[in-house]
Amino acid sequence: MRRRVVAHGLVQGVFFRDTVRRLAHRESVAGWVRNTHEGTVEAVFEGEPEAVERLVAFMHEGPSGAVVERAEVVPEDEEGLAGFVVR
């Protein structure tokens, strides 16, 4: 399963990307996460459906200090990614 998620709100400067990276490693989910010029955090997750859904749910909440106003979730075709990186 693959999902692209864009979190909007107060999501930069609150350790969002690092928290996502740690959770992805723990859940064995592949993909990446990055800050965008628009002030959002964008991530792609690939892995077992239950694990991906847990990461998607986290993107709706964010770490403490974040204020997620909304999160856009888009299903995508899997690419066979390996590992998880912060871009």
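Note that the structure is a prediction, hence the values are computed from the model and not measured. Residue numbers run from 1 in the order of the sequence given.
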By salt bridge (charged side-chain N to carboxylate O under 4.0 Å, His left out) - contacts of R21 (at least two apart):
D18
Using only atom types and a distance under 3.5 Å, with no angle test, would you say the side chain of E46 pairs donor to acceptor with the backbone of E79?
yes
Would you list the pairs meeting salt bridge (Lys or Arg N to Asp or Glu O under 4.0 Å) in which at least one residue belongs to residues 53-64, sequence neighbours left out?
E27-R54
Between V11 and F16, the two heavy atoms sitting closest are O-CB, 3.3 Å
Can you find a pair of side-chain heavy atoms, one from F15 and one from S64, that are under 4.5 Å apart?
no
Here the gap from L10 atom CG to E69 atom CD, rounded to the nearest 0.5 Å, amounts to 8.5 Å
To the nearest 0.5 angstrom, please state how far the CZ atom of F45 sits from the CZ atom of F84.
5.0 Å
I'd like to know if the side chain of E72 pairs up with that of H8 as donor and acceptor (distance under 3.5 Å, no hydrogens or angles considered).
yes
Quick check: do E42 and V5 have side-chain heavy atoms less than 4.5 Å from each other?
no
So if I apply the side chain to side chain contact (heavy atoms under 4.5 Å, CB included) rule between V33 and each of L23, L55, V20, V85, which one comes out positive?
V20
Testing the 3.5 Å rule here: is there a donor-acceptor pair between the side chains of T36 and E38?
yes
Are V73 and V52 in one and the same hydrophobic cluster, where Ile, Leu, Val, Met, Phe, Trp and Tyr link if side-chain heavy atoms are under 4.5 Å apart?
yes
For residues V68 and V14: do they belong to one hydrophobic cluster (side chain heavy atoms under 4.5 Å, members Ile, Leu, Val, Met, Phe, Trp, Tyr)?
yes
To the nearest 0.5 Å, tell me how far T19 OG1 sits from M59 CE.
11.0 Å
Sorted by chain and residue number, the side chain to side chain donor-acceptor pair (under 3.5 Å) partners of H25 (sequence neighbours excluded) come out as none
Common cluster, V86/L81, ILVMFWY with side-chain heavy-atom separation under 4.5 Å:
no
Nearest non-hydrogen partners of A7 and T40, listed with the distance
O-CB, 3.2 Å
Which residue in the set R3, R4, M1, R2 passes side chain to side chain contact (heavy atoms under 4.5 Å, CB included) when paired with P75?
R3
